[in-house]
Amino acid sequence: MGHGELIKAVDRALTAHGRALLTGPAGAGKTEVVRAVAAAAESRREAVLRLAPEAADQWIPEASAAALLASVPSAALEELSGPQRTAIALLRREADAPRAGRDHIALRLAVVEVLRSLAARQPVLLVLDNAQWLDAESTDLLRFALRLTPPRVRVLVAECVQGAGPVGEPLCGPGVPVVRVPPLGADEVAELLVRHGLPARLAGRIHQASGGNPRLALALGHSLAEAAEARDCSAHHADPLPVSGQAREVARRLLAGASAPCRRTLLLAALAARPTISLLRRAGRPDAEAELAEAERAALVRVGEDGRVEFTAGALPTALAADAGWPERAAGHAALAEAVDDQVQAVRHRALAVDTPDQWLAAEITEAAEVCRRRGQRALAAELGLLAAERTPSWLAGEELARLVTAAEDAGWAGRADLARRATSAVLARDASPADRVRVRLAVIDAAGQALGALDETFACAMAEAAGDPALQAAVQLRIATKHNLSDGDPVRSRDAAARAGALAALGGDQVAEAMALTVRARMGRILGDPGAEAILAEALALPAPEVPLGMRNAPQYLAVRHALFDDSLEDARRQLMVLLPAVQSTGSAEDVFEVLRSLTEVELRSGRCEAASARARRALELTIEAGLSPGPAWYVAAMAEAMGGSFARAAGYARRGIQASQEEHDQVFLSRSLHALGLVELATGEATKAVATLRRVAELEAAQKVVDPSILRWHGELAEALVAADEPGEAAALIDSVRRVAVGLGRTGVVAALDRARGLCLSARGEADAAVHLLETTAQRFDVLQLPLERGRTLLALARVERRRRRRAPARDALRAAAEVFGRAGAVPWAELAREPAQGEAGVATGGPQVSAASTLTEAETRLALLVSRGASNQEAAAKLFLSVKTVEARLTRIYQKLDVRSRAQLAAALNAR
């Protein structure tokens, strides 16, 4: 997985130097790389000798040498002199017998002669995997033999990284090229999980926990899936990763190279929240710097310039703590409690250093949790709340229950489903009031993020327990409204549930819940095309409410920002978001911070600030992984940022991850968004047929979700453009007309302009070039007035294509240059490449496809016909093979000739061959 370039690097090193050393931690994939290199050598008819010692072999003298000679063809051994044959026979027969009496000089010379004999017939590749397990005698023998082998014997040595440095270098000689196996990226981990039938939505957290080590990533994925199966529910994106079973064994192998003093220092680092070299020194590890340098050589940690210590894989500190005994962990926490300079962390470490109830310690922990709440550290507040409850004596049952309920609510705010479930289970096992039971169930719902589809029982229990309390009923109905929208894709039921929530909130005197219910109604009204949605939002904004209520998506001031974005009032939206951002950062709700970052990304993209948008998208993705949020929305945001300002290939990868995750979590809203991102990329890269299929899925989802307002997710113009490119202008025109009527009626000017760009392409496809040019020119001007630069650039690309089709090269070049200038100012890297002016002799102009050659201007249907005709098919034969009428074939051929500026079938064939 993901090592294609690495394999090429190894081949280059072997070709240039004849030797290569492949290094990396256990489980990094070295063996798979070695196999791939060996298979490539065999396909070139090279002789491949393989040696892969195991851990037990390092204690058996000359065991590896015997194994190597056992793989040599017998014909090569028969050519040896008598003493050499005898030495090999003794070694192969008595590998574990005493070495006394063997002729070691003859044995060394025999290995040299065998390699020379093989090389005389054909090139030889000697592959030595797991070099760290070589016995000392075999190492000496191979070092001697490899110094005397001819250049036709190439050597690839693979070994695990050890704290003391490479052990295979002496075999290959000084200056050997060292190729390190890099960790997999998050996208590659996601693909690895999918290939093994594991949920892709876990990819971000598994990538973080595994450090990109494929063996550890798979072990963690399987452990999490097994734990979920044991609980009889699906694995949640925020569940703790169980470092047990196979996962713990892999982690132990990674840690095996560390010395005992190094492991003691690493354990302290694992127990600390923010380990640094100076903290570890103060905690009793005076040689921490040297011990961490050893760990860094073994690829276990990274030490920053500021002395901060970071484990390369998040599972390593978990494994270290799990393998340490309670006395060792307690002593470590006690030492850290004295060494840390943060009082909250000091209290945490003191609490973890004991395991008995303590009234005063529990009170201290509770105060520390309140400090975390004020700091916006809700996840830490939840952890401390649970710890305080555990340290509360049994005779203070009321205080224990209150601490558990508060911990659950902190976990819900922070999106920590695991902590919310722990606290909720503890509350439900006690004699809690219905109000407390409802509060903790709501915390579980809030922590679930987008994955609300599996919580029907929780919703039902919460509604039953809230009976008789209008304020609690309103809170439950608000969450039900969210579920109807996200999981069920039903804005009508969502609006109705919100209306019930508003009535109950008013009855219970909860103005915050009332404002949030009105907000949900306004949001659903916008989706359904209700012109009264703005009045409902104004009513919500008029109610007194906290600046940032729990659940940013249901806050009226945030919906006002979203409406400004939909209405293309981008500067207004950006100004309001910059006010909200510090406010939500102070609350500790990771989901709220993500919501603001998502909207900021969309605003920056539409405003033509791609670099700023990419930075926001990266932060949103990092936050999603750190906090264990549902990854589908973050992957969608990353896909859009890449599609506009980064790389079409990366955008497609993110979009596919978003599709997978949203399907797994039954999130209909972000499923359609990720599909839209993928369809946009497919359209831009010239894959019209794929784009049509993808965007039709978006249309189906939007129809199923009863979405009326076309300004919320603007897929309509893209689908129309894809239909034109796929030679379906009639269907495109019908789509444009139906959507345009709605957009004009609702006053969605930006949507109307995007539809007019697609209509211009339709006109061109129908042969109405003058009308198409006029419409596209005016549309580009309208986008300029609307201050939507990327949309203007895309319109100029469409204009260039139309001009080129009617053989007006100078206006086409002018349009391309204008588009390139727009994209360049915006930092829209992939679109600027599409607008690159073609080289002399090229005839292609892209509108949303790659700028490569004359043939790239053809639709896929036209390309199929052009290929058939250029290979000698008559019009009748082409019509039969393509299931078309002869008249349609003749009309398409006319268009093909015009596009490629050819006048005969011979010239057509020449044009296609030139491509």
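Side chain to side chain, R441 and T424 fail the donor-acceptor criterion of an N or O pair below 3.5 Å. For the 3.5 Å distance criterion, the side chains of D469 and Q473 fail to qualify, holding no donor opposite an acceptor.
Put simply, the side chain of D446 does not reach to within 4.5 Å of the side chain of W413, judged on heavy atoms. Under the 4.5 Å side-chain criterion, counting only non-hydrogen atoms from C-beta, R437 is in contact with L428. Side chains of V476 and L472 form no contact here, defined as non-hydrogen atoms less than 4.5 Å apart. Proximity of L528 to K706: side-chain heavy atoms (C-beta onward) are separated by under 4.5 Å at one or more points.
A pairwise comparison of heavy atoms in L386 and L419 identifies CD1-CD2, 3.8 Å as the closest pair. Closest of all the heavy-atom pairs between A497 and H484 is CB-CD2, 4.1 Å. Taking both residues in full, the closest heavy atoms of A641 and A617 are given as CB-CB, 3.6 Å, listed atom of the first, atom of the second, then distance. Closest non-hydrogen pair, S494 versus A481, comes out as OG-O, 2.7 Å. Considering all non-hydrogen atoms of both residues, A381 and D410 come closest at CB-OD2, 3.6 Å. Nearest approach of E664 to L198, heavy atoms of both residues: OE2-O, 4.4 Å.
Side chain of R391 to backbone of A351: a donor-acceptor contact under 3.5 angstrom is found. Looking at R748, its side chain does come within 3.5 Å of a backbone N or O of L746 through a donor-acceptor pair. S569 places no side-chain N or O within 3.5 Å of a backbone atom of D572 that could act as its donor or acceptor partner. At least one donor-acceptor pair closer than 3.5 Å links the side chain of D709 to the backbone N or O of S711. A donor-acceptor pair is defined here as one N or O able to donate and one able to accept, closer than 3.5 Å; such a pair exists between the side chain of R430 and the backbone of A426. Panel note: side chain D488, backbone D490; no donor-acceptor pair is recorded below 3.5 Å. A donor-acceptor pair under 3.5 Å is formed between the side chain of R479 and the backbone N or O of A475.
Residue I527 forms a side-chain contact (heavy atoms from CB on, under 4.5 Å) with just one option from N485, V492, V669, V708, and that option is N485. When each of L678, L719, L671, L713 is tested with V698 by the rule side-chain contact (heavy atoms from CB on, under 4.5 Å), just one qualifies, namely L713. Checking each of R373, R439, R378 against E409 for a salt bridge (Lys or Arg N to Asp or Glu O under 4.0 Å) leaves exactly one that passes, namely R439.
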request  = Could you please spell out the steps behind the side-chain hydrogen bond (donor to acceptor under 3.5 Å, both in side chains) verdict for S599 and Y558?
outcome  = CA-CA 9 Å; S599 289; Y558 181 64; 2.6 Å; yes
request  = Take H222 and Q246 through the side-chain hydrogen bond (donor to acceptor under 3.5 Å, both in side chains) test and state the conclusion after the steps.
outcome  = CA-CA 9 Å; H222 285 299; Q246 184 186 359; over 6 Å; no
key: Candidate pair T392 and E399, rule side-chain hydrogen bond (donor to acceptor under 3.5 Å, both in side chains), full reasoning   = CA-CA 8 Å; T392 302; E399 289 186 22; 5.8 Å; no
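To the nearest 0.5 Å, atom CG of residue L577 and atom CG of residue L581 are 8.5 Å apart.
Summarising the local packing, CZ of R422 is surrounded by 12 or fewer heavy atoms from other residues, nucleotides or ligands at distances under 6.0 Å.
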